[in-house]
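Along the sequence shown, residues are numbered consecutively beginning with 1.
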Amino acid sequence: ALLQYKPAPWCRVFLINQLLQFDDRMKTLILMRHAKSAWDAGDLSDHDRPLSERGRAAAPIMGQWLKSNRMRPDLILCSTAKRATETLEAVSEYLPKTTETCRLETLYMALPREILAAIAKVKADTLMLIGHNPGIGSLAHWLAGDGDPKQLARMQDKFPTGAIAIIEFNVDSWQDIDGEQGDRKS
């Protein structure tokens with residue numbers, strides 16, 4: 001008869017935990033462009049433009065998508081523009097209530113290098129950023145070096161309102177991320 005190995009209960013837990021344990025070095029970046037804004041907002045400045053009807057309908061769907069894909073950011077950095085903060089408010093309904101948020105003026109119409117400077121200061125392992133084009137789309141394309149070729153090509157062609165890019169990095173610190181180093185998951 002063959003001997004069968006049955007580990008003790010504490011050993012099974014240890015082995016399962018080892019199999020399920022994530023790489024401590026893994027960082028996940030969720031880049032989101034705000035939902036569709038209203039262009040017919042009268043005399044409001046660009047910074048003060050709200051979401052359009054279409055944007056108000058799309059933002060909760062974006063939040064539902066994040067929840068269904070088990071995206072749980074530790075921290076959300078958001079532009080102070082009204083359309084970005086309204087997107088944040090709608091999306092937040094579907095995220096853990098413990099998620100910290102920080103609104104940054106520097107993310108309003110930021111260039112990729114300015115967004116990277118904000119990211120580099122973060123300690124969180126899973127970071128979500130809500131911003132604007134062209135900066136957010138350019139950054140997503142520049143960072144994603146690996147992933148589904150069709151999705152990468154589509155992202156290079158256009159990063160529309162409401163777009164979400166999930167990019168993972170095998171780094172210790174956000175300061176270590178660089179172009180084409182990320183693995184685009186979605």
Side-chain angles (χ1 to χ4, degrees), residues 27-59 61-63 65-66 69 71 73 75-92 101-122 124 126-169 171 174-186:
K27 302 285 186 198
T28 302
L29 180 61
I30 305 166
L31 294 174
M32 178 185 289
R33 185 172 173 203
H34 62 80
K36 186 76 174 164
S37 63
W39 283 96
D40 58 351
D43 293 336
L44 294 176
S45 70
D46 182 70
H47 187 274
D48 295 332
R49 278 191 299 119
L51 291 179
S52 67
E53 270 187 54
R54 187 172 123 198
R56 284 191 299 278
I61 295 168
M62 296 158 61
W65 185 90
L66 290 168
N69 284 278
M71 291 291 115
L75 174 66
I76 301 172
L77 300 180
C78 182
S79 162
T80 56
K82 185 167 181 84
R83 58 193 178 272
T85 60
E86 287 182 348
T87 300
L88 169 64
E89 289 166 9
V91 166
S92 293
T101 61
C102 182
R103 294 176 176 142
L104 299 174
E105 180 75 35
T106 56
L107 293 179
Y108 172 64
M109 301 307 284
L111 298 172
R113 70 176 174 271
E114 296 165 328
I115 299 170
L116 278 176
I119 291 170
K121 297 174 185 173
V122 171
T126 302
L127 172 64
M128 184 167 137
L129 197 138
I130 302 174
H132 311 269
N133 260 358
I136 197 121
S138 296
L139 180 65
H141 179 258
W142 183 71
L143 290 174
D146 199 11
D148 180 296
K150 286 182 182 177
Q151 287 183 347
L152 290 171
R154 191 172 57 207
M155 185 173 63
Q156 180 181 7
D157 189 40
K158 186 175 183 185
F159 201 75
T161 55
I164 301 170
I166 313 293
I167 307 171
E168 292 182 340
F169 301 90
V171 296
W174 287 110
Q175 295 173 349
D176 299 332
I177 65 173
D178 200 0
E180 296 184 0
Q181 181 184 42
D183 183 11
R184 183 167 191 259
K185 294 298 180 188
S186 185

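- With hydrogens and angles ignored, the 3.5 Å screen pairs a side-chain donor or acceptor of T87 with a backbone N or O of A35.
- Here the OG1-CG distance, from T106 to L111, works out to 11.5 Å after rounding to the nearest 0.5 Å.
- Of the possible donor and acceptor atoms, one in the side chain of W174 sits under 3.5 Å from a partner among the backbone N and O of A124.
- In plain terms, the two heavy atoms of Q175 and A120 that are nearest each other are CG-O, 3.4 Å.
- The shortest heavy-atom contact between C78 and A84 is SG-O, 3.5 Å.
- Between the CG atom in L44 and the OG atom in S37 there is a gap of 11.0 Å [rounded to 0.5 Å].
- Between N133 atom CG and L139 atom CG the span is 10.5 Å, to the nearest 0.5 Å.
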Apply the test side chain to side chain contact (heavy atoms under 4.5 Å, CB included) to residues R54 and T161: give CA-CA distance (whole Å), side-chain angles for both, the deciding distance (0.1 Å), then the verdict. CA-CA 10 Å; R54 187 172 123 198; T161 55; 4.3 Å; yes
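- P134 is linked by a side chain to side chain contact (heavy atoms under 4.5 Å, CB included) to S138, counting only residues two or more places apart in sequence or in another chain.
- Only one option out of V122, I130, L88 pairs with L77 in a side-chain contact (heavy atoms from CB on, under 4.5 Å); it is V122.
- Considering CD1 of I166 and CH2 of W65, their distance stands at 4.5 Å, rounded to 0.5 Å.
- A distance of 5.0 Å separates CG in L143 from CD1 in I177, rounded to the nearest 0.5 Å.
- E114 meets the salt bridge (charged side-chain N to carboxylate O under 4.0 Å, His left out) test with no other residue; sequence neighbours excluded.
- Every residue meeting the side chain to side chain donor-acceptor pair (under 3.5 Å) condition with D46, not counting sequence neighbours, appears here in chain and number order: R49, R83, Y108.
- Annotation for P50 and K82: closest pair CB-CE, 3.9 Å, computed over non-hydrogen atoms.
- Under the rule for a side chain to side chain contact (heavy atoms under 4.5 Å, CB included), the partners of E89 that lie at least two apart in sequence or sit in another chain are R103.
- Among the candidates T126, L129, L127, the single residue satisfying the side-chain contact (heavy atoms from CB on, under 4.5 Å) test with I30 is T126.
- With sequence neighbours excluded, the residues satisfying side chain to side chain contact (heavy atoms under 4.5 Å, CB included) with A163 are F159, P160.
- Considering only residues two or more places apart in sequence or on other chains, T80 meets the side chain to side chain donor-acceptor pair (under 3.5 Å) condition with H47, E105.
- Interatomic distance, CE of M71 versus CG of L66, reported as 7.5 Å (0.5 Å rounding).
- Note on ring orientation: taking the six-membered ring where Trp is involved, the planes of H132 and H34 are tilted (angle from 30° to 60°).
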Show your working on side chain to side chain contact (heavy atoms under 4.5 Å, CB included) between M62 and M32 and close with a plain yes or no. CA-CA 9 Å; M62 296 158 61; M32 178 185 289; 3.3 Å; yes
